[in-house]
Amino acid sequence: MPDENRLKYDLLVVTGPTASGKTALAAAVALELGAEIISADSRQVYRGMDLGTGKDYSDYIVDGHKIPCHLIDIADPGYKYNVFEYQRDFLKVTAGLKARGVFPVVCGGSGLYVDSVVSGYRMFEVPPDYSLRAELETKSLDELTGMLAGFKKLHNVTDTDTKKRAIRAIEIELFQRREGERQTAFPGMKALITGVLPDRETRRRRISERLRQRLETGMIDEVRTLMEGGLDPEILIYYGLEYKHITLYLTGKVSYEKMVSDLEIAIHQFAKRQMTWFRGMERKGTVIHWIDASLPAEQKKQKILDLLNGF
RNA sequence: GGUGCCAUAGCUCAGUAGGUAGAGCAACGGACUGAAAAUCCGUGUGUCCCCGGUUCGAUUCCUGGUGGCACCA
């Protein structure tokens, strides 16, 4: 790829709602650029969670070339990965790519994860303080909100509308007062952010079609295997969507028919929330270049290459 | 064929002693820096089946249709 592209941007982002065809597009672009992909998907980080997370290894093979992909399959199922860890791991990967002179293409639909790296969230490791949590747990949300209001707020948490969030915010605040700021030095990176955008009807249709197809090709078995491997149903429910609803079915809580319809609705609602997040990012000043998902693959790829070249 | 019951939001249904209506789910909008596939907040989108009648006024009462369900033949 021409060197001037690398000078203009430090990385490319390809995001969009679920089932929009992000991965194949990102892989096609990556091949063109000799780039590697960094996943931004909060569930594809887990090993053995493939069909349910929409992880499709064949998407990374373009014209017989396998595009390397980072930050998938990096945690055991049962683990609770989070944004802080994502940011930390992301920095490790980008440093490695930079050392090798490889351009990074970030691809995924976890909007918070994408934003955490393109906006450079200030985060630092704050270990859980269980005795503090137990103490705060006895207070009401109003009391917790009151405590937070009296704080100077050294960090940027703004949404404390549930007890769990308010408690974590207080925990971070107190830790920082005690230990001083230990913020991750997050380098400023110039990102070209693109998003694949299907119209609402297409988005819904593709989600429904893909769900049916995955149910027919072993998605139930995948969840069953995880359960038989000793994974607590509670954690599967915590993972949400496919894992949650299929677990409820496998443990006899709902019928197969109800599971399928509940799950379909839940995925539609999730896609809608993803779009709300992206609009929120735009409202705060992030520029997202939307690409019509209905265009032929070649045109979508070309559009991104043109944007990278500044056209 | 007869009798009875039902017809109200996308769906399931409530309601109006006659003053044009509201719940749940869905849908839609939003928030969200250690759960983010999570979590939380907000919004009713309507020929009240159709034609007439009574009435100042009918989604509501009455006649007749139409459709559905149940029972009897």
Side-chain angles (χ1 to χ4, degrees), chain A residues 15 17-19 39-46 49-55 75 77-90 108-129 132-133 141 144-145 148 153-176 182-184 186 200-201 203-204 207-208 210-211 214 219 223 234-247 258 261-284:
Chain A
T15 189
T18 186
S39 167
D41 189 304
S42 69
R43 293 298 181 267
Q44 293 190 6
V45 296
Y46 301 109
M49 290 169 57
D50 303 334
L51 276 166
T53 62
K55 197 189 290 169
Y79 188 76
K80 291 187 177 179
Y81 194 74
N82 64 45
V83 209
F84 167 74
E85 294 176 90
Y86 180 75
Q87 207 186 38
R88 178 198 63 201
D89 296 342
F90 177 89
S110 294
L112 175 71
Y113 285 17
V114 169
D115 199 31
S116 79
V117 297
V118 302
S119 300
Y121 288 1
R122 300 170 59 227
M123 302 189 101
F124 33 87
E125 191 146 23
V126 177
D129 182 340
L132 175 70
R133 286 184 189 185
L141 179 57
L144 295 171
T145 309
L148 274 168
K153 281 208 185 161
L154 295 167
H155 62 298
N156 293 332
V157 175
T158 55
D159 183 1
T160 52
D161 59 358
T162 63
K163 277 181 79 170
K164 185 177 162 100
R165 272 184 168 154
I167 288 172
R168 181 61 180 165
I170 292 168
E171 186 178 54
I172 292 170
E173 186 74 18
L174 294 178
F175 178 86
Q176 228 182 167
R182 280 192 191 170
Q183 121 190 29
T184 307
F186 201 91
R200 195 153 67 202
E201 282 316 302
R203 186 183 88 205
R204 294 179 62 89
I207 285 172
S208 298
R210 194 175 70 146
L211 171 60
R214 289 182 299 154
M219 187 158 64
V223 180
E234 277 306 308
I235 194 101
L236 286 164
I237 288 168
Y238 150 88
Y239 285 139
L241 296 186
E242 287 81 356
Y243 297 96
K244 173 183 171 183
H245 289 91
I246 293 174
T247 295
K258 175 117 167 63
S261 78
D262 285 356
L263 175 54
E264 182 171 2
I265 288 165
I267 301 171
H268 289 320
Q269 293 174 332
F270 165 57
K272 181 174 173 298
R273 260 180 279 131
Q274 286 180 299
M275 289 312 301
T276 300
W277 176 271
F278 296 136
R279 282 183 222 116
M281 281 174 69
E282 293 181 297
R283 217 169 273 129
K284 284 170 197 147

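Just so it is clear, the model here is predicted, and its values are computed rather than measured. In the text below, chain A, chain B and the rest are named by the order of the sequence lines, each starting its count at 1.
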Taking pairing as Watson-Crick or G-U wobble with both contacts under 3.5 Å, can you name the mate of [N], or confirm there isn't one?
N     : result
B:A38 : none
B:C49 : B:G65
B:U16 : none
B:U54 : none
B:G44 : none
B:G24 : B:C11
B:U60 : none
B:A73 : none

Applying salt bridge (Lys or Arg N to Asp or Glu O under 4.0 Å) to A:R204 and not counting sequence neighbours gives none

With A:E171, which residues qualify under salt bridge (Lys or Arg N to Asp or Glu O under 4.0 Å), at least two apart? A:R133, A:R168

Nearest to the side chain of [X], which nucleotide is it out of [options]?
X      : options             : result
A:Q269 : B:A26, B:C32, B:A35 : B:A26
A:K284 : B:C32, B:A27, B:C40 : B:C32
A:Y121 : B:U33, B:A36, B:G29 : B:U33
A:M123 : B:C40, B:U33, B:A36 : B:U33

Let me know the distance between [atom1] of [X] and [atom2] of [N], rounded to the nearest Å.
X      : N     : atom1 : atom2 : answer
A:Y243 : B:A38 : OH    : P     : 13 Å
A:I170 : B:U33 : CD1   : C1'   : 16 Å
A:I267 : B:A27 : CD1   : P     : 12 Å
A:H268 : B:C25 : NE2   : P     : 18 Å
A:Q274 : B:C32 : CD    : C1'   : 15 Å
A:R273 : B:A26 : CZ    : P     : 11 Å
A:E234 : B:A38 : CD    : P     : 15 Å
A:L112 : B:A35 : CG    : P     : 10 Å

Reckon [X] touches a base, only the sugar-phosphate, or nothing at all at heavy-atom distances under 4.0 Å?
X      : result
A:K164 : base
A:I172 : base
A:Y81  : sugar-phosphate
A:G52  : base
A:V126 : base
A:T18  : nothing

Is the backbone of A:S116 close enough, under 3.5 Å, to the side chain of A:S119 for a donor and an acceptor to pair up by distance?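 No; zero donor-acceptor contacts below 3.5 Å.
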
Between [N] and [M], how far is it from one [atom1] atom to the other, in whole Å?
N     : M     : atom1 : value
B:A7  : B:G46 : C1'   : 15 Å
B:U59 : B:U47 : C1'   : 11 Å
B:A35 : B:G22 : P     : 40 Å
B:A31 : B:C69 : P     : 47 Å
B:U66 : B:C50 : P     : 16 Å
B:C56 : B:U45 : P     : 32 Å
B:A21 : B:U54 : C1'   : 23 Å
B:U39 : B:G19 : C1'   : 44 Å

Does a nitrogen or oxygen in the side chain of [X] sit under 4.0 Å from OP1 or OP2 of [N]?
X      : N     : answer
A:R279 : B:G30 : yes
A:R168 : B:U33 : no
A:R43  : B:A35 : no
A:Y239 : B:A38 : no
A:K258 : B:C25 : no
A:T276 : B:G30 : yes
A:R283 : B:G30 : yes

Within 45° of the axis and under 6.0 Å from the centre of the six-membered ring of A:Y238, does NZ or CZ of A:R43 qualify? yes

Determine whether A:W277 and A:D115 make a side-chain contact, defined as any pair of heavy atoms from C-beta on separated by less than 4.5 Å.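 In contact.
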
Between A:E242 and A:R214, does any NZ, NE, NH1 or NH2 come within less than 4.0 Å of an OD or OE carboxylate oxygen? yes

Can you tell me how far OH of A:Y243 sits from CE of A:M49, rounded to the nearest 0.5 angstrom?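 Result: 4.5 Å between the selected atoms.
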
Nearest 0.5 Å, what's the OG1-CG distance between A:T15 and A:D41? 9.5 Å

Could you say whether A:I265 or A:F270 is positioned toward the 5' end of RNA chain B, judged by the nucleotide with the nearest heavy atom to each? A:I265

5'-most contact on RNA chain B: A:Y238 or A:D115, nearest heavy atom basis?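 So the residue in question is A:D115.
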
Measure up the A:Y113 and A:Y86 rings against each other and bin them: parallel (under 30°), tilted (30 to 60°), perpendicular (over 60°).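 Ring orientation of A:Y113 relative to A:Y86: parallel.
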
Can you find an N or O donor on one side and an acceptor on the other, under 3.5 Å apart, linking the side chain of A:R204 with the base of B:A27? no

